Structure formats: C-alpha cells, structure tokens
2 protein chains.
Amino acid sequence: MDDKNISQAVISRLPRYLRYLGELKDSNVERISSQELSQLMNVTASQIRQDFNNFGGFGQQGYGYKVNFLYDEIAKILGINKTHHLIIVGAGNLGQALANYMNFERRGFHFTGIFDCNETLYGRKIRDMYVQPMENLETFVKDNDIDIAVLTIPKTGAVKVADKLVKCGVKAFWNFAHVDLNVPSDIVVENVHLSDSLMKLTYNITRKEQETDNQ
Amino acid sequence: MDDKNISQAVISRLPRYLRYLGELKDSNVERISSQELSQLMNVTASQIRQDFNNFGGFGQQGYGYKVNFLYDEIAKILGINKTHHLIIVGAGNLGQALANYMNFERRGFHFTGIFDCNETLYGRKIRDMYVQPMENLETFVKDNDIDIAVLTIPKTGAVKVADKLVKCGVKAFWNFAHVDLNVPSDIVVENVHLSDSLMKLTYNITRKEQETDNQ
DNA sequence: CTCTGATTGTTTTATATTTAACACATTTAA
DNA sequence: TTAAATGTGTTAAATATAAAACAATCAGAG
C-alpha cells in the first residue's frame, strides 16, 4: 500500500470522520459529497477531499462518496477491524472506570486482564475479571499475546513498568500516567494527559475573558 | 498584555514544560538553559525559546532561565493560579473516577457538585459530595457561580445539557461525551474523546507493523 | 572595570499544513 | 443524445509552524 508518511494531523481527524459517517449510516444516508460533509462537520471541503486522498480515491466524480464504503475504508485504515489483546495496569479509580466504560469489545479489543500492586484489590471483580497482582504481569503478558497495555498507575512506577512490558512483547501503550515513557522507537505510545487537557481549558477561559474585556 | 493570537500548538506544549520545570524545582535545580531543557525534553532549544518568547522574555541572556520564576510564569499563563468552580455532570464510572482521581483542589479547582439522572445514585456519596438529581442543575449552577462543567454523560444527552448550562452561565466544558458540542463562540470546549485516542493508537500499531514488514 | 564566553531574544529560512483553484470524469435532465 | 451541473482528484497558492542563524546582552573571571 502507500508507504509515504501520513501526518498525525490527518490521522487525528480520521476518528471524527468515522463518527460522522457512522451517524449518517445510522440515518440511512447512502451518499454524501465533501461539500455536504464539510457543512455538517464545520471543516473545509478541500480538507476532507485531501485527507481521504492520502489513502487513495474513495469517491466518484460527479457523484460523491458512498457512506458505507467510506466508513469501512476509514475503519480499515485506523486498524479497528483487527483484534488487539489489551490489559489494564492499575486498578484504581481510572483503571476501573475505563474497564467498565470503554466497551472495548465493541471495537475489536479483547480486554483480558487487570493488574494492581494494592493487595486489598486482589479479590475485586471488574468486568468478569479478578484484579491480579503485579507479580503475575510478566508471565500473563507472554502467555496471552498482549499487544496493548493501558497504564493507569501513578507516574512514579510507570516508566519502570513500561520497560518491563516492552521486554515481554507489548507493542503499544495507552498512557494515562503523567510522565513521558521512554521506549524504543518501534513501540507506540498514545498519551492521555488529563491534567494537561484541563490546563489548556483554563488557558482558553482566561484568554476569552481578556478578549471580551478588550472589546 | 499581548493581544496577538498565540497558536494552540504552543499552548499544548506549555503543560509539558510546566511538568518538567516542576520536576526540576523538586530536585532543587535553580537555573536551566534552553539547551539543557531541550535535551531533557527531546525538543529543539529553538522551539523552547520561541515558545517562551510568545509571552515575553522570561530568561536572561548569558545566564538562562530561573526555574522557579519560569514555572510560576507558565502557571500564570495557563491560568491555573486562578480559582475555578467546577461541577461534574454524569456520575457514572468515568464521572466518579475523575472526581476521585483528579485532585482538582490541588490545581485551584473547586469541585462543588456532581449530578446524574439515574435516581439509584442519589444517595451515593462521592468525595464528600452527594450525587444530585439533574433537576437541581440549573439553580445550583446559578447559585454557586460555576465556571466549568465536566460532561461525563452519554452522547445522547450531552448537547442538550450543554445548551442548558450555557444559559445558566457556564463558561467552559471539559467534554468527555462522544459528540461535538455546538456552543456559542465565547464558550470554551476542551474535548477528551477517548475512543478517538484509542483509534490513533491502533492506526500507529498497524503502521509500525507495516514499516517493519517492509524492511 | 573590562573582556570573553554563554545564552537569550529575534530574524530569517525551511518545512508542514491548510485552503483555493481548476481540469476532467460522471450524473442528470431535457 | 447531448449539454449543463455536479463534485472528485490534483495541482498550486497561502498560511502556519518549526528550525536555524544571528545579533544583543548579560554573568562572571581576572
């Protein structure tokens, strides 16, 4: 397939396209033009066309895009047609919430285990799964062919745990810990730094306040 | 102060600077050069200097930056020195987790209420706070001068609730619901679309797999 | 004090991203 | 059957972002 590098800016927009296309699908819309979609999503039609064309032509001139086809293609690009095996490391508030909330199975993720070092949690059952001690981690990962580790542990332990998991064959981290993981370049890290996000929010609040003050 | 528009790309980097500066502060490092910081953070020194200079000169030529001073200035820019009043709308897994996990108070956020439409939750106590019914929402927001609403409700209700909250004076949304809120331009929205983030992850996994296959 | 090396602030250049423009294939309606 | 309308794919222009280069200024040594 294409081997030219596609920028992360484009990739970041794909899930949003997928969401809107899913909604169109649900409303039984069969075809849509970049123009219509652009109005719906509040982006330029030009950007939509160019984004899609990074991966080859999905539309038809004079006709537009077939919603179902486009949806499937984008899903394929994003890799959510494949199955991934996933564990959660850290069974605190956030870890438990993600386990219950994310509905991993619906998107092809096999949620296979949850771990914590707090022994008071060991009996606890979360989504048909018992919280396991960290001692089990390495053998479990090796035995169950785990791709993805969700890190919901405090930052103090995160880097070390990540190193260990890389050695066991984990290929990707969904990192909620408030540190930068330092992993080899073939390992994927997707950070979700919630407090960073909240700071952006407060920045924009004060900015808007100043704007209105100046008017 | 400056009224030139600073790009969100710059703003997105500030929390990370803050984090590293905080760590330096904790290790009693008093001064640092853009060069040193760049090695630590794995970005170019040029970018660091340019980012900081968007807000005026914080350093001293021939010397570097005073860690403490720089930290405080960035905190000020991000608006985390001010107090914000915050509620959580949606006391499900994620809402409860954020209430317990985020430690809002440490960053100057006053977490003042949590709401849900599920009446089985009404007795529930979360962080010294009882889950309130949605009927209370409007009067509560008006009476308590709420700035920020954290939306952890399903997407079906989110848009309507946001509209209602805007009318009551809420200025900003930290939106975890999987929809785009359609609010006036003076209202701030910071989206945290977790499933989008997870899709980026899977995209990058398959990309890296292909890369190694081609080598 | 004065000089030198260090390191910022700022300008310039390069790269990346977004938007606009348009040629041409396809549909649709007369 | 044909011509106008539609709407993609693609190339070009504009804008935004990042990196490099350099000039101004300060700390610190002697």
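A note on names: the letters A, B, ... follow the listed sequences, proteins ahead of strands, and every chain is numbered from 1. Note that the structure is a prediction, hence the values are computed from the model and not measured. Values below: every heavy atom of this structure, side chains too, minus hydrogens, waters and symmetry copies.
Between the side chain of A:Thr112 and the backbone N or O of A:Leu86 there is at least one donor-acceptor pair closer than 3.5 Å. At distances below 3.5 Å, at least one donor-acceptor pair connects side-chain atoms of A:Glu36 with backbone N or O atoms of A:Ser33. One N or O on the side chain of A:Asn175 and one on the backbone of A:Ala177 form a donor-acceptor pair closer than 3.5 Å. Formation of a donor-acceptor pair under 3.5 Å by the A:Asn42 side chain with backbone atoms of A:Ser38 is not found in this model. A donor-acceptor pair is defined here as one N or O able to donate and one able to accept, closer than 3.5 Å; such a pair exists between the side chain of A:Asp116 and the backbone of A:Asn118.
The distance from atom CZ of A:Phe58 to atom P of D:dT10 is 12 Å, rounded to the nearest whole Å. Between B:Ile48 atom CD1 and D:dA19 atom C1' the separation is 13 Å, expressed in whole Å. Going from atom NZ of A:Lys66 over to atom P of D:dG7 covers 15 Å, rounded to whole Å. Protein atom CG of A:Asn54 is 11 Å distant from nucleotide atom P of D:dT10, rounded to whole Å. Atom-to-atom, CD1 of B:Ile6 to P of D:dT17 comes out at 12 Å; the value is rounded to the nearest Å.
For B:Thr44, no side-chain nitrogen or oxygen approaches OP1 or OP2 of D:dA18 to under 4.0 Å. Between A:Tyr65 and D:dG9 there is a side-chain polar atom (N or O) within less than 4.0 angstrom of OP1 or OP2.
A donor and an acceptor atom, one from each side chain of A:Asn204 and A:Arg207, are located under 3.5 Å apart.
B:Lys208 is linked by a side chain to side chain donor-acceptor pair (under 3.5 Å) to nothing, counting only residues two or more places apart in sequence or in another chain. Residues that satisfy the side chain to side chain donor-acceptor pair (under 3.5 Å) test with B:Arg107, not counting sequence neighbours, are absent from this structure. By the salt bridge (charged side-chain N to carboxylate O under 4.0 Å, His left out) test, B:Asp196 is found to be paired with no residue, residues two or more places apart in sequence or in another chain being considered. Taking the side chain to side chain donor-acceptor pair (under 3.5 Å) definition, one finds that A:Ser197 meets it with B:Trp174, B:Glu190, sequence neighbours left out.
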Side-chain atoms of residues 10-18 of chain A: list all donor-acceptor pairs with protein atoms under 3.5 Å, sequence neighbours left out, distances to 0.1 Å.
{"unit_1": "A:Ser12", "atom_1": "OG", "unit_2": "A:Gln8", "atom_2": "O", "d": "2.8"}
{"unit_1": "A:Arg13", "atom_1": "NE", "unit_2": "A:Asp51", "atom_2": "OD2", "d": "2.8"}
{"unit_1": "A:Arg13", "atom_1": "NH2", "unit_2": "A:Asp51", "atom_2": "OD1", "d": "3.0"}
{"unit_1": "A:Arg16", "atom_1": "NE", "unit_2": "B:Asp180", "atom_2": "OD2", "d": "2.9"}
{"unit_1": "A:Arg16", "atom_1": "NH1", "unit_2": "A:Met41", "atom_2": "O", "d": "3.3"}
{"unit_1": "A:Arg16", "atom_1": "NH2", "unit_2": "A:Met41", "atom_2": "O", "d": "2.9"}
{"unit_1": "A:Arg16", "atom_1": "NH2", "unit_2": "B:Asp180", "atom_2": "OD2", "d": "3.0"}
{"unit_1": "A:Tyr17", "atom_1": "OH", "unit_2": "A:Asp51", "atom_2": "OD2", "d": "2.6"}

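Across all their heavy atoms, A:Phe111 and A:Ile114 have their closest contact at CZ-CB, 4.1 Å.
For the pair B:Gln50 and A:Gln50, both in contact range of DNA chain D, the more 5′-proximal nearest nucleotide belongs to A:Gln50.
Across all strands shown, B:Phe52 has no heavy atoms under 4.0 Å from either base or sugar-phosphate atoms.
Using a 30° and 60° split on the angle between ring planes, A:Phe52 and A:Phe58 fall in the tilted class, from 30° to 60°.
Between the two ends of the helix from C:dC1-D:dG30 to C:dA30-D:dT1, each summarised by a five-pair axis, the helix axis turns through 10° (rounded to 10 degrees).
In the region residues 33-43 of chain A, proximity to DNA chain D at under 4.0 angstrom, judged on heavy atoms, holds for A:Ser33, A:Ser34. Contacts between residues 8-24 of chain A and DNA chain D, defined by a heavy-atom separation under 4.0 Å, are absent.
Ring to ring, A:His84 and A:His110 are not that close: their centroids are 6.0 angstrom or more apart.
A side-chain hydrogen bond (donor to acceptor under 3.5 Å, both in side chains) check over residues 141-164 of chain A, counting only residues at least two apart or in different chains, returns nothing. Pairs of residues two or more places apart, or lying in two chains, that qualify as side-chain hydrogen bond (donor to acceptor under 3.5 Å, both in side chains) and include a residue from residues 66-78 of chain B are B:Glu73-B:Lys76.
In 5' to 3' order, the nucleotides of DNA chain C bounding all contacts with chain A (an atom under 4.0 Å from a heavy atom) are C:dT17 to C:dT28.
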Treating primed atoms plus P, OP1 and OP2 as sugar-phosphate and everything else as base, which nucleotides of nucleotides 21-30 of chain D get B, S or - for protein heavy atoms under 4.0 Å? B--BBBSS--

